[in-house]
Every structure is written in C-alpha cells, then in structure tokens.
Asker: 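This is the structure I want to talk about, given as structure tokens.
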Amino acid sequence: MILDLHTHSDASEDSRAPVETYMKWLIRKHDVLPIDGIVLTEHRQWDPQADYRQLEDKYGLLILRGAEVETDYGHVLVYGVNDDITGHFDFTNVRLSAQELIPAVARMGGLAVPCHPGRPTIGLCEHYEHKPPIEGVVAVEALNGGSRRGENERVQHLIERYGYHAFGGSDSHLVSFIGICATEFDDDIRSIGDLVNALQGGGYRPLDFRDRLKKDA
Amino acid sequence: MHVRFEEVDVGHDLHTLSLTLSGEQVKAYAVAARMPGARFMSDAEARAEGLPGQIVPGNMSLALFSRVIAESFPGATLKKLSATFRGLVHPGRPFVVHGVVTEKHRTDHGDLVECDLVLESSEGDRWVTGTATVQFRPRT
Amino acid sequence: MAVDFDRSIIGSEFDHTVFAPVTKEAIVEYARTSGEPAPNDVTAPPTFVVRLRGHRWMPENLPKNLGRAGFDAGKDIEFGAPVRVGDVLTAVSTVHDIYEKTGRTGSMAFVVLRTLVTNQRDEHVAIIDQKMMFR
C-alpha cells in the first residue's frame, strides 16, 4: 500500500490545493502515481471537525490527517492527533520542545516524526551537529518532495547512525506535486491507528516517482 | 488564435518560458513598477542591504506567471493569481517558468481553468510557486 | 523572537490613496519591462495593479519586535475590471493577518496586508493580499 505521508491542503496558509482536486489528480495520474491515499499534515493546526469521509467514498482513496508542527529541532509530523495531545501542546507555538513532544506524543497514543531532516535550520541533521539526539525517534522523512538538491541525501547518514526507519512524502502545496514522493507499506493501512502502528514497527520504505513524472510529461 | 475551453484538458502543460534576466532588465522593471528599492537596482546596492546580490522583485515573477497564462490561453481572462516566493531569484541565472492545468469547471461565473505554476532554476530548485484561475469566453 | 502584538490591529485600515489617472505611458512601460502582454495600449496587463503603492505602504502600528526590513513573501490577487488609460484608482489597505513560522532562514514573522482597489465607477478592480516576511 502506497501513501503520501506529508501533504498540505488550502487549510495551510501557504498551500493552494483543495483536497478534492488532489483526489481527482491522483485518479487521473494513477498509472504513474499509484498512490492509495494521503495524509493531510497541515501547518501548525489541528481541526477536530474536519471530515473527508465523503471524499474517500467518492474517490476510493484513503484520506488521513495529522499535523506539521515546529520545534527546537526542526519540523515534526504528528500522526494520531487526539485531545490529549492538543491539550498538552499548542500547535501554533513555533518553539515546541522536541525532546518533550516526541516521547509525550507516543505516550498519548500518537507518533511524532521529524520531517525534511536534511533541510537547513528546520531539519534534524543540522541540530544533531550540536545537540543531543532526541529520545524516542523511530523514523524520519528520508525523501521529501519539496527539498532542494542535496537535502534528501544528507539524511542517509542520520538513518545509518541512529537506525531510524525511513519514509517519504511529497510535502505538496500545489495539486500537481501530490504523490511525487511517498511511502510503500508491506501491510494494509485503513486508519490513522494502523498508520501509527506501521510506522513504529517497520516494513515500509520511501518511494520516489519524480523520474516517472518527467518521462510521462 | 483563441483557445477554447473544450480544447483544454486537465494535465495539459502550459507554455514554458526559459529565461535569464539581466540586471538592467530587473532594474527597468523595478522602476516601471514603482519599486525603486536598492536591492533591485544593482549587486552593490543589494549587498549593502546584506543580500548576496541584486534580486528580482517578486512582482516580476508574478508578471512572468501572468505571461505564461496569456501565452497559453490567448483570449482568456486571468481571474486569480497567486505566488509564494520561496527563494531569492537573481538576474544572470537561467530559470524556467512552466505550469500545468489541474482542474476545469463550469460555474455560474463562467468556464474556469485552474493551473499550477512554477519558476525553477535550471537545476530544479523551485524558487517561486503559484496558481492561476483563468476564465474562458462562453461559447457563442 | 516571539511576536507579541495587540490583535486588534488586524482589520485596521492604514492607507487610503486615490491615484492620479492611469497614463498610456505607464501601461506601455509596465508591459514592456515585465514582458507581460497587454491586450492593447489602453488596457493594462493584469499585474499592473502591483505598482499601486499608497501614501503608506506599511502600517505604522506593527509590533516593534518583528525583525529587520521585510521581504515580499508572496501575493494572492483577485482581478476584477481591467485597468484602462484614464482610470482613477483608489486603494484601501488593511492589516489582514500576522503570524509566525520557521523556515530555512530561521524564525520569521509574516504580516499579510490586504489592498482593495476600485476605479472611478466604483467597480472592483483587484483584491491584493501581500505577505511580508520579517526576520
């Protein structure tokens, strides 16, 4: 099963992509982007009322939700957001403590994983050069579709040194970038709970579809 | 020749611009756009502001997006245009402006086409991203 | 740098400018230097509206700890009636939003300024949301 684990809809202030248009695009591009679903990881927010089940039924694709928050070790994706987590952490705070966030989210039933770790300032690699490693990190986003040359490559060293699992996501802010990088899971994922368990356990790998899209153009 | 709404498909690539702007072109635009900031005038003036060199105004990138739309859909009307300036664009460095149709729909406000737009370096670094909504003339 | 400010400035008007009539020279010069095609010599290309800089292009009551000089971080423009030679345009600007985020260059504050542009016939010409970034 292939999921894009890092996407932004027009609920994020710097994205212009409606969720339904993402769905239509993925259906149209399915031969080059065999994506089974996406996780919406909006910037610095969590809307408990948002519900995409109608779109899931209409398009036959899975739509899960998480969040992208900002910490003193860079940006982090949070999956399995619940009232306990949002009661404890203000997602609008751009100075969350990663050492506190990541273990606490796991205790509260979710999973927080660093994204675009190779990116300057907001990626884990640079922070690990002069700070202790974060307790409880199980996976990092090894492949991010919005990263610049060299940024994804920097992550390999991190993965090898700390034994982190690796996943991929598009970090799409425009419709046409959905699914360009994704994650292939050995097991079926049907819910956010399944996703959290799978990310903790292993049995997945990042996928890069950008060359396929160039050939298709 | 005008493009008809019926001739546009989702996934349709827009007209591509491949450009390298000169410092003089950037300065001329900044003056015409009433943006005489030092950072747009010359390398020396931009460095005095702490920048690595002369930069292209974001508004000029926006105008290039509009140009791609106009050249892709002659006769259509630009209704919305957005741009996010993700990195500094400098004169003297080649870049490409391109886009793709992501949606089309008939509404009470006319026949509309939505597009994604990107301005990226020759190495593929995306410096400016954006979207456009284009309205087509109704069929007569 | 935590941006601390009085949220009552959101929605506050900081500029109201009536511009001199649009000239053919301004339209031709803008089209020539931008490369953006104008429908003809008397109708401006769409992004011509970004040249409307009022008496105050930034509010005076912004939070003091935003950071040094701002950068244009992006724009959203909705276009209405086209701009033509002779049009007398009015631009009214308000503070639309202020927020913080972190990026490649570190912590940044964003101020979104909204400008409503109308012409002498009170027709909607453009709504321009400009994002200014401070760091």
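Quick caveat: nothing in here was measured; it's all calculated off a predicted structure. Letters A, B, ... mirror the listed sequences (proteins, then strands); counts begin at 1.
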Asker: Which heavy atom of C/Arg53 sits nearest a heavy atom of B/Arg34, and at what distance?
Answerer: CD-O, 2.8 Å

Asker: Just how far is it from atom CD of B/Glu49 to atom CZ of C/Phe71, taken to the nearest 0.5 Å?
Answerer: 7.5 Å

Asker: Distance from B/Arg39 atom CZ to C/Asp72 atom CG, nearest 0.5 Å?
Answerer: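 So the gap between those two atoms works out to 9.5 Å.
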
Asker: A side-chain contact here means heavy atoms from C-beta on lying under 4.5 Å apart; do C/Thr47 and B/Asn59 qualify?
Answerer: no

Asker: Residues of residues 81-91 of chain B under 4.5 Å from chain C (heavy atom pairs)?
Answerer: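 Answer by number: B/Leu81, B/Ser82, B/Ala83, B/Thr84, B/Phe85.
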
Asker: For the candidates C/Ile77, C/Leu52, C/Asp76, which exhibits the highest count of non-hydrogen atom pairs separated by less than 4.5 Å from chain B?
Answerer: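 Ranked by contacts with chain B, first place is C/Ile77.
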
Asker: Quick check on B/His109: does its NE2 atom have over 12 non-hydrogen neighbours (other residues, nucleotides or ligands) under 6.0 Å away?
Answerer: no

Asker: Do any of residues 29-45 of chain C have a heavy atom less than 4.5 Å from a heavy atom of chain B, and if so, which, in residue order?
Answerer: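 Listed by number: C/Glu29, C/Tyr30, C/Thr33, C/Ser34, C/Gly35, C/Glu36, C/Pro37.
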
Asker: Within residues 21-28 of chain B, which positions have a heavy-atom distance to chain C below 4.5 Å?
Answerer: B/Ala28

Asker: Enumerate by number any residue of residues 81-95 of chain C whose heavy atoms lie under 4.5 Å from heavy atoms of chain B; in the absence of such residues, state 'none'.
Answerer: none

Asker: Would one find more than 12 heavy atoms of other residues, nucleotides or ligands at under 6.0 Å from atom NZ of B/Lys80?
Answerer: no

Asker: Among C/Glu78, C/Lys131, C/Arg104, who wins on heavy-atom pairs under 4.5 Å with chain B?
Answerer: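 Of the candidates given, the most pairs with chain B belong to C/Glu78.
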
